[in-house]
Asks: 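My questions all concern the structure below.
Because only heavy atoms are used, hydrogens play no part in the values below, and waters and symmetry mates are left out as well, while side chains stay in. The sequence lines fix the lettering, A, B, ..., with proteins before strands; numbering per chain opens at 1. From a predicted model like this one, the values you see are computed outputs, not experimental measurements.
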Amino acid sequence: MFRRYFLPRFIQYLVVLIVGMNMIFFIPRLMPSDPIESRLSQMTAQGQYLDPAAMEGLRESLAELYGLEGSMFEQYAAYWKRLFSGDLGPSFSQFPTPVVELLKSSLPWTVGLLTVNLLLSWIIGTILGAVTAFYPDSKLTKVIEILAMGIRPIPYYIMALALVILFAFVFPIFPMAGGYSMGTKIGFNSRFILDLLRHAFLPLMSLVILGIGGWFLQMRNVASNIVEEGYVEYAEASGLSKTKIILHYIIPNAIMPQLTGLAINIGFIFGGALITEIVFSYPGIGSLLYNAIIAEDYNLIMGINIFSIVAVSTAMFIVDMIYPLLDPRIRYQ
Amino acid sequence: MVRAIKDLFRHDKKFRFGFSIMVFFIIISFVSLFSPYDLSTWNVVPRDLSPSLKYPLGTNSMGQDIFWKATAAVKNSLLLGLIAALVSRIIAIILGLLAGYMGGTVDRVIMTITDSFIIIPLFPLLILVSSILRASLDIFVLGIILGLFGWANDARLLRSQILSIREREFTKTAVLSGMKPTRIIIKEHLPHIIPLIMATVINNIVWVIGMEVTLSVLGLSSLNTPTIGTMIYWAQQYQAVFLEMWHWILTPIVICVVLIISLYFISTSISTYLDPRTRVRMIKGE
Amino acid sequence: MRVRSKNFRSNTVEFGHGHSKLLDINDLSKVFIRGQGFSKTRLVAVNKVSLSLERDKPEIFTLAGESGSGKSTVAKLILGFEEPTSGNVVYKGEKISNIKGSMEFMKDVQPVFQNPFETFNPLKKIDSYLYETEKNYRMPGADEHRRVKESLELVGLSLAEIKDKYPSEMSGGQLQRTSIARALITKPSLLIADEPVSMIDASLRMSIVNLFKSLKEKENVSIIYITHDLATAYYVSDRIAIMLRGYIVEIGPTKSVLGNPLHPYTKMLIDSVPSPDPTKKWKEDIVLSDMESSEFARKGCKFAGRCPEVKDICTRCEPESVKIDGRNVRCHLYQ
Amino acid sequence: MPVLDVRDLKAYYITDRYGRISRVRAVDEVSFQVHKNEIYGIAGESGCGKSSLLKVVSGLSKPPLRILDGEVIYKFDDNELNMLSLKDDKQRRQLRGTHISSIPQASMNVLNPVKRIEKSFQDFVSVHFEINNKAQFNEMVREHLSALGLDWDIMHAYPHQLSGGMRQRVIIALATILKPDIIFADEPTTALDVVVQRGVVQLIKKINEEQHNTIIMVTHDMAIHANLCDRLAIMYAGKIVEEADAHTIFHDAKHPYTTMLLKSLPKIGDESERESAPGAPPSLVDVPPGCRFHPRCPKATELCCKEEPQLIEIEKGHRVACFHEGGSR
């Protein structure tokens, strides 16, 4: 069990981390334009005047900040050293706050949004998919299916924007932006929590609606194959109730591909959460990323990338580890 | 091909919807070539006009005709989708086939890289790349970059399809009939994987159009090229929502949603139609 | 089988003419290893199998046994689809491992698969395989499509019957005959038919089996007929080998092995074949084997667990193959 | 007094694929009766409609298989009910397990792969009884298993841990735990090795003897029918062409298809030449006019090509659909 299941997955986890870290190291260095030069030209374009000596000094200090000093090999060694020590350098726009600090303060918002979204959309989508697969000819199934097919391909940004326009502007029910109202006292009291929920509602909605569409269609696909399997037909033939068939026969058997889907799609959903946060100025990693783009904070963008890869691949690894608990065929091999 | 479209158009509502709209959008793309205005210059028409006969979708605060801007946006977004899909298809097909047919170490190496690309969140990486390239991100460069990022899932899908076809008995029959590997791939296996490739092309275009919107509204593309994303960007910059200039902000949003949904419908209809199992039943007359 | 270029070696093989054996299998074993590292399990799928076919005396040789007896693995070893773990397979004096994948070998030894509905690509017209085979193996000077027509005639089909047809438009019997016709185009000396009639309806089954008979008699083709169906084996084959968990437990002329079985396992198998006659119903109950894997792992004779004549020695020592009454038997009763 | 009376049953697969409508005439005007405590066999080759017939009769047909005409009447304890008029799903469910049950074809996936066998037994029993007393339930299962010669340990196994033959025997135990009146068995021995096959046939026979129920057995394997069945119907291209007791079918068959089918079966110890009939069964999408067997029949006359022979009783308990055997239009 350990050797056959855990070990290969752990190796894959390490490989993803290594490949990802290397991508982050090499991509900026292989690009035709140099982050330092682009930063400098940005500054001159903004009308700042710098004499050549100051320019050179700035260039050097930028190189040091960005980890672009010395030969490629030295940079590479330094890069891994910094990774292992958990040092992602200082943020440029909020100098000298370390990138790690900024990530730490944004993280809870994103994690909260993402977890609630995943739980809600995955569970609802999965159940809906299983039930509709069992009643393929019902009117309701067809309506749900068309709705899901219409929703699924909509980009995160468009969905979020549409919800903002509709529920924050045309019908101003929910706040337009932010994680909580300015001036609310942060604390464990009902007023603050209510405010928190009101702010989280629209971003969450936009993620959940898209999420349900996706999970529903995937589950529908898997489950409609399972409905044709011998054991479901046989359970039907033996008079088991439909609820029992859905709960004990269809869902437990379809859950494996659905979990694989979860593991594979975590990166995609994470990206979606960042985009949604940007639209709603929700104070998570997404907004941090947005500010980094606006301020051209190269170190922060790098840091967010490194963090995303570690976080997402770890999440995937954890989901993978849940697997054998659910499938006796893996457990008893 | 013509017969497939005819069959689908007649008997599949979703396809009829998607296909009609796609035809409309393709016509629109060609219409954009006859624009009376230069679409990248500002103040060629009066600002902030509501829709009228002269300006069917009104004008924006930058003095541009929204209708003509939209036609060009449709063209450019579709073009971008095609470029990216082409690039990513080439990578996906080559890697998928290579991994599927070579097996062994080659397969393992390719799949390790592919899996990493699937798991790693691409959005922040794309931000990293485009924030470095920024100004030089025209349709072509952006298309290639999105192409370089959007192949992994489909390479994996193709590989698994190849693996299962390769194990089927008719492959052995082909080998015993003295067919050479390339001929087996082209004559025996391609007909089975074409539906999959077709579906992934369209799904990839859908993804690319959505990603372009996202990158553009973050200001990470060449903002003077009219695309669905840059139209939204400028509408947001001028606070079209607060000014209640709905014709300005909603035009790109509606175009984007309708375009993407119709592409998606076409893709699902085609893949059901071309599914080998359906085709076998149709041959059989059942 | 991988579709890889190394399967298509172009070097020609000259089969030695001095050898009197068409096929000579000697002490052949195949071990499959499952899993990796410390959790490996060994499964001896083929165990010390020996048999041979004469070169100038075409015959139908049956390999019979239940699922998991290793009969299909033997077929794969003969065709070179699998590498033997020990022992070897010699075809016309050449080791299979040296000649497998060469055009010459593929021309001379052709398989017929079990499921005719899977043998052909469902999206391709079926006649294309015949032309393809003819084209790829064509001998210089041969008439265009002559072999296609000839071999279709041999299997009792006409070109008109299969022209422009997809596999799904034909019956299992027709498909299987087309499959055999395809194999015959290259004028092979040996056909390896792995359960060729098990997917075919009873009323059409005999047409295939009779076809094997006439191919042997008229075309001098030897056939290795792999089956679990002892009734057709009795009807068609000259010699038979009964396999159990990798071993050949009894081998000899079909009429005597099936007519007067010596090994208790052969007896039980024959007893278990239902007869299409309500006056010959089974009377006594039988003992079924426990788990498959435990029988593979058993020391001594693999049949000891359910043998009615089991002795003390059977659970300890593996019986040797002994010659008795014109056949070879692997049982402690006859040691 | 029959327990099952099927009258003029007609069920087609009707599909519409992109405007190409097709009708597969799987069951075409089929009538038969089954009596209490008998084993009734339905024989025929692949694609003759025997499995579709079983689905319709046992009330398990689903689109695209549509019932166009006919009646399926069951008589349990003097209650008569027409399966096809049961609209309510609940009514149909109540029948299953206690009155009718099915043994499907032996395959890997008839049992829920993620649950232990015990759970399947609980599920199946709890359709009809609330399992309040676990010990009582266990006792009931234990008794049933031991009557069938199965080991109690299998209850704690997962399906993939059992061999094919063992799984099939477990399924048979599952199908019969509530002592149903009628059991439908669809190719229960196919894909099993001969020795295991024999064990399964034995088991079915034992159930018939101990529970005194009726078994309807569908298989293409004539030898299994010979071993198991009391009466036998032969199907060809969607129709019953001959029906009689097993002895008559095997020793005094009248329909040319039946005789041909039997003549093509080899036997150990019998070296005489065996022949297959020419041609192949027709596609049910496009059946020949007149008698459906006429293109392959050595006795076919002009009448056979035009008119369809009815299934009529030529002597007591022996029905044949052939003009040459006293068949009428």
Asks: Taking the six-membered ring for Trp, are the ring centroids of A:Phe169 and B:Phe242 within less than 6.0 Å of each other?
Replies: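 Between B:Phe242 and A:Phe169, which both carry aromatic rings, the centre distance is below 6.0 Å.
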
Asks: Counting only non-hydrogen atoms closer than 4.5 Å, does B:Leu263 touch chain A with its backbone (N, CA, C, O), its side chain (CB onward), both, or neither?
Replies: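 Nothing of B:Leu263, per the 4.5 Å heavy-atom cut-off to chain A.
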
Asks: Between A:Asn305, A:Val312, A:Ile309, which is the residue that forms a side-chain contact (heavy atoms from CB on, under 4.5 Å) with B:Ile120?
Replies: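 Going through A:Asn305, A:Val312, A:Ile309 one by one, the side-chain contact (heavy atoms from CB on, under 4.5 Å) with B:Ile120 is satisfied by A:Ile309 alone.
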
Asks: Counting only heavy atoms closer than 4.5 Å, note whether A:Leu161 contacts chain B via side chain, backbone, both or neither.
Replies: side chain

Asks: Counting a contact as any heavy-atom pair under 4.5 Å apart, which residues of residues 250-262 of chain B contact chain A?
Replies: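 Near chain A, by residue number: B:Ile253, B:Cys256, B:Val257, B:Ile260, B:Ile261.
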
Asks: Working to the nearest 0.5 angstrom, can you tell me the gap between A:Leu289 CG and B:Leu218 CG?
Replies: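 It is 7.5 Å, given to the nearest 0.5 Å.
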
Asks: With only heavy atoms counted, which part of B:Val206 is less than 4.5 Å from chain A, the side chain, the backbone, both or neither?
Replies: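 Only the side chain of B:Val206 comes within 4.5 Å of chain A.
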
Asks: Take A:Ile278 and B:Thr214, measure what side chain to side chain contact (heavy atoms under 4.5 Å, CB included) needs, and give me the verdict at the end.
Replies: CA-CA 10 Å; A:Ile278 292 172; B:Thr214 311; over 6 Å; no

Asks: Which atoms of B:Ile209 are under 4.5 Å from chain A, going by heavy atoms: the side chain, the backbone, both sets, or neither?
Replies: neither

Asks: So, do B:Leu125 and A:Ile24 sit near enough that their side-chain heavy atoms are less than 4.5 Å apart?
Replies: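 Yes, at least one pair of side-chain atoms sits under 4.5 Å.
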
Asks: Taking side chain as C-beta onward, heavy atoms only, is B:Leu122 less than 4.5 Å from A:Phe268?
Replies: no

Asks: Considering non-hydrogen atoms only, spot the tightest contact between A:Gly150 and B:Phe265 and give its length.
Replies: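 So the two residues come closest at N-CE1, 4.2 Å.
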
Asks: Do B:Phe117 and A:Val19 come within less than 4.5 Å of each other through their side chains, counting heavy atoms only?
Replies: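 In short, these two side chains do not touch, never coming nearer than 4.5 Å.
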
Asks: Side chain, backbone, both or neither: which part of B:Ile249 has an atom under 4.5 Å from a heavy atom of chain A?
Replies: side chain

Asks: Does any backbone or side-chain atom of A:Met149 lie under 4.5 Å from a heavy atom of chain B? Answer side chain, backbone, both or neither.
Replies: both

